[in-house]
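In what follows, chains are A, B, ... by sequence order, proteins preceding strands, each numbered from 1.
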Number of protein chains: 2
Amino acid sequence: MRETTLKEIASALGISITTVSKALKNYPDVSDKTKKAVIALAQELDYTPNSFAVNLRTKESKTIGLIIPEVVHHFFSGVVNGIIAEAEKNGYLVIILQSNESLELEKKQVALLINKRVDGIIMSLSNESNDDVHIKDILKKEIPFVQFDKISKLIPSSKVIINDQKAAMEAVQHLIDMGCRKIAHIRGLENPQNAIDRFLGYKKALEKNGIPFDSSLVYSCKAITFDQGVEFAKQILEEDKGIDGIFVITDLVAVGVLAHFNEKGIEVPNQIAVIGFSNWLVSQVITPKLSTVNQPSYDMGVAAFTLLLEEILSRKEGKSFKPKIIELETEVIVRESTLKKS
Amino acid sequence: MRETTLKEIASALGISITTVSKALKNYPDVSDKTKKAVIALAQELDYTPNSFAVNLRTKESKTIGLIIPEVVHHFFSGVVNGIIAEAEKNGYLVIILQSNESLELEKKQVALLINKRVDGIIMSLSNESNDDVHIKDILKKEIPFVQFDKISKLIPSSKVIINDQKAAMEAVQHLIDMGCRKIAHIRGLENPQNAIDRFLGYKKALEKNGIPFDSSLVYSCKAITFDQGVEFAKQILEEDKGIDGIFVITDLVAVGVLAHFNEKGIEVPNQIAVIGFSNWLVSQVITPKLSTVNQPSYDMGVAAFTLLLEEILSRKEGKSFKPKIIELETEVIVRESTLKKS
DNA sequence: ATTATAATCGAAAACGTTTTCGGAAAAATC
DNA sequence: GATTTTTCCGAAAACGTTTTCGATTATAAT
């Protein structure tokens with residue numbers, strides 16, 4: 001299957017390659033007549049420029065790289081969606097790599113993308129990662145770079161984030177507004193910044209409302225799973241501390257809590273209210289429907305690509321680029337699991 | 001930021017570009033001494049081959065394209081996962097495009113990938129698509145091509161599928177084994193082959209067990225949503241036909257059914273058993289836990305890439321390639337929603 | 001010493017495009 | 001008719017790599 005090239009069109013028309021190229025790119029120094037002829041023949045021969053050659057010549061691939069911890073995750077697939085859509089709109093394609101939360105793999109992926117000479121990289125760090133060399137490499141090579149969600153504050157790149165602390169505060173405030181006074185927090189793992197921030201938000205909300213912080217009401221997940229939620233729910237019932245509200249690190253775990261409460265006949269929200277985080281699909285289909293905090297995943301993707309494109313374009317013009325940070329708004333979504341009948 | 005090239009290494013070492021290239025690729029006609037020197041300097045200068053030039057020269061990009069209806073979908077992200085993992089293992093990267101179930105968009109994506117000259121394409125058709133020209137184009141251009149999930153039987157390419165009909169039969173058989181005798185089917189949209197096949201499987205299972213088929217027990221979804229499930233559940237209760245089991249096109253809809261039954265105090269499975277399809281995450285966290293049919297999404301991804309790679313390699317060697325069809329096994333997963341206590 | 005063989009290297013073409021720059025022809029101006 | 005201006009075209013270099021094939025030198029066989 002011979003691919004048609006400029007050369008073929010040129011020789012068929014008895015003109016030079018240069019002219020053919022110019023005609024197709026609508027250069028002003030080609031007569032309308034030849035333009036017409038070239039375009040017609042190109043169409044007929046189903047000409048499509050060899051992207052390899054174009055890349056080599058123009059030094060850009062119109063392709064960006066995206067590294068995320070996992071694809072099979074409601075939040076990330078939302079982001080992926082936004083990035084792909086926005087990228088495509090601007091003529092860019094997206095290569096997706098998965099770090100599986102492994103630092104080792106993440107390093108490989110970065111090397112792969114640099115090697116592939118993508119025009120830019122968007123990335124959410126794995127839990128193990130921080131301000132490591134491979135990330136600094138990206139900046140050193142002056143590859144446009146945007147971080148989102150799990151970021152390293154030490155890396156001076158553009159970022160798209162939410163304010164986890166504020167979002168958590170609002171969630172807990174909502175519980176308080178609903179009349180909860182003894183509020184537990186099922187928090188995430190030790191390291192990730194968002195787990196820390198959400199915990200801090202929880203603390204601050206209590207403080208602001210004059211509710212004493214009690215560290216025995218904080219339960220730390222060893223893994224972000226449904227079962228973990230079930231387990232803590234069990235524990236909470238056994239301990240019988242009079243907890244009347246729970247703020248859970250993420251919906252999946254919260255659903256585990258709800259499942260156990262349902263089984264034990266605990267009335268949610270009247271006995272214990274529960275609020276999750278992230279607005280997973282499952283939160284809308286569980287009974288009772290789970291109140292949660294919406295993270296605008298799609299919008300984060302769009303914002304991330306927009307920032308990246310800005311940097312790509314400004315670097316192309318030789319300008320220096322000043323990293324920007326976009327903080328997107330979250331929103332408490334009130335559903336049945338916190339809506340006490342009074 | 002100057003990228004180091006072969007030329008630079010060559011002139012620094014006072015040897016030719018050719019030799020440098022060969023040294024790095026471990027050609028036998030380069031002495032060990034020069035190899036050592038070249039490799040050392042390459043490492044020091046952080047040399048990485050310019051992939052654009054390599055692509056142009058070798059006519060391959062080590063990149064494949066993937067077109068799916070949507071990323072944010074449990075099944076598809078599983079497949080994506082499998083494809084990415086297997087591709088990476090073999091040194092390939094994956095460009096993902098989303099057709100959003102739109103034929104128009106799908107055509108554009110195909111054109112984009114052909115233009116990008118990816119080494120192969122993996123695709124699940126949109127609902128609107130069939131044996132259209134843009135698909136035939138892929139074959140005509142002799143681009144390695146694998147279809148999965150929603151396929152067009154008319155296109156002679158490799159395929160990775162499940163046997164929807166058989167899977168549906170097994171699901172319904174399970175209901176029958178559990179003692180159900182009046183079994184409803186909430187089916188999918190009109191066109192997609194899998195909706196049709198699952199319906200046929202339902203019919204066959206009834207037939208096989210001597211249960212008369214009653215078309216009034218078949219409910220057709222206008223959209224694959226939670227609400228659709230709620231609605232049909234309501235209708236089923238109102239009609240009060242004595243239905244004691246329901247086979248639902250997919251878990252999301254099935255969960256809607258369960259939600260409504262829970263609300264109305266219908267005992268599942270004892271009054272009515274429910275089985276879904278696809279083994280979404282939500283099926284494991286709902287109460288009662290939903291029985292369903294597992295589709296090996298990750299494995300489908302792996303199989304799809306494997307098939308694609310086979311074709312890529314055999315074409316590279318100039319051999320013709322005979323399309324293969326891989327049919328993966330499904331499995332009925334029995335959970336609470338069908339496990340009648342007897 | 002001569003020839004044959006093996007080991008090592010490099011020149012050059014090729015992949016297909018883009019873009020600069022100069023030149024020829026046509027049109028406009030004097 | 002001579003000059004200037006405009007219009008249109010093409011030669012050629014460049015992007016960085018890979019690979020063929022011939023050349024050169026060193027080694028082995030005669």
Side-chain angles (χ1 to χ4, degrees), chain A residues 1-39 41-42 45-63 91 114-119 141 316, chain B residues 1-39 41-42 45-63 91 114-119 141 316-318:
Chain A
M1 191 65 191
R2 288 273 323 113
E3 292 286 346
T4 48
T5 66
L6 291 183
K7 198 199 286 188
E8 285 168 31
I9 297 179
S11 68
L13 255 42
I15 57 180
S16 77
I17 297 179
T18 307
T19 307
V20 176
S21 173
K22 285 188 194 167
L24 290 172
K25 309 196 83 195
N26 205 26
Y27 271 50
D29 64 340
V30 174
S31 71
D32 283 352
K33 202 174 63 180
T34 42
K35 267 185 197 168
K36 289 254 169 56
V38 168
I39 292 171
L41 186 58
L45 297 181
D46 198 17
Y47 169 77
T48 135
N50 182 312
S51 65
F52 300 156
V54 176
N55 291 346
L56 177 60
R57 182 57 227 240
T58 62
K59 294 177 178 307
E60 58 174 18
S61 60
K62 292 282 188 179
T63 303
I114 290 179
N115 184 261
K116 189 81 191 173
R117 282 171 165 70
V118 290
D119 296 346
K141 300 223 173 203
K316 205 164 141 187
Chain B
M1 192 66 190
R2 289 271 324 110
E3 293 285 347
T4 48
T5 66
L6 290 183
K7 199 199 284 187
E8 282 167 33
I9 297 179
S11 65
L13 255 42
I15 57 178
S16 78
I17 296 178
T18 307
T19 308
V20 175
S21 172
K22 286 187 190 165
L24 290 172
K25 309 197 82 194
N26 205 25
Y27 270 54
D29 64 343
V30 174
S31 71
D32 282 352
K33 203 175 61 178
T34 42
K35 266 184 198 168
K36 288 255 168 55
V38 168
I39 291 171
L41 187 59
L45 297 182
D46 197 19
Y47 169 78
T48 135
N50 183 311
S51 65
F52 300 157
V54 175
N55 290 347
L56 176 60
R57 185 53 228 241
T58 63
K59 295 178 177 307
E60 58 176 14
S61 60
K62 292 282 188 177
T63 302
I114 290 179
N115 184 260
K116 188 81 191 172
R117 282 169 164 72
V118 290
D119 296 346
K141 300 224 171 204
K316 205 165 139 185
E317 290 176 17

Please give me the minimum heavy-atom distance between B:Arg117 and A:Glu3, naming the atom from each residue.
NH2-OE1, 3.4 Å

Check A:Asn55 against A:Glu60 and note the closest heavy-atom contact, atom names and distance.
OD1-O, 2.9 Å

Under 4.0 Å, counting only non-hydrogen atoms across every strand here, what does B:Ser31 touch: a base, just sugar-phosphate, or nothing?
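Result for B:Ser31 = sugar-phosphate.
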
Below 3.5 Å between N/O atoms, which protein atoms pair up with nucleotides 10-12 of chain C? Just atom names and distances, please.
| residue | atom | partner | partner atom | Å |
| --- | --- | --- | --- | --- |
| C:dG10 | OP2 | B:Ser16 | N | 3.0 |
| C:dG10 | OP2 | B:Ser16 | OG | 3.1 |
| C:dG10 | OP2 | B:Thr19 | OG1 | 2.6 |
| C:dG10 | O6 | B:Lys22 | NZ | 2.4 |
| C:dA11 | N7 | B:Thr18 | OG1 | 3.3 |
| C:dA11 | N6 | B:Thr18 | OG1 | 3.1 |
| C:dA12 | N6 | B:Thr18 | OG1 | 3.2 |

What integer distance in Å separates [X]:[atom1] from [N]:[atom2]?
X       : N      : atom1 : atom2 : result
B:Lys62 : D:dT17 : NZ    : P     : 18 Å
B:Leu6  : D:dT17 : CG    : C1'   : 6 Å
A:Lys7  : D:dA11 : NZ    : C1'   : 15 Å
A:Leu56 : C:dG16 : CG    : C1'   : 9 Å
B:Asn55 : C:dT17 : CG    : P     : 15 Å
A:Asn26 : C:dT19 : CG    : C1'   : 16 Å
A:Glu3  : C:dG16 : CD    : P     : 9 Å
B:Lys25 : D:dT19 : NZ    : C1'   : 9 Å

Do A:Thr63 and A:Lys116 get their side chains close enough for a donor-acceptor pair, meaning under 3.5 Å?
no

Would you say a side-chain N or O of A:Tyr47 is under 4.0 Å from OP1 or OP2 of C:dT17?
yes

Under 4.0 angstrom between B:Thr34 side-chain N/O and C:dC9 OP1 or OP2
yes

Rounding to 0.5 Å, atoms OG1 (B:Thr48) and CG (A:Asn115) come to a distance of 3.5 Å

For A:Lys62, what residues pass the side chain to side chain donor-acceptor pair (under 3.5 Å) criterion, not counting sequence neighbours?
none

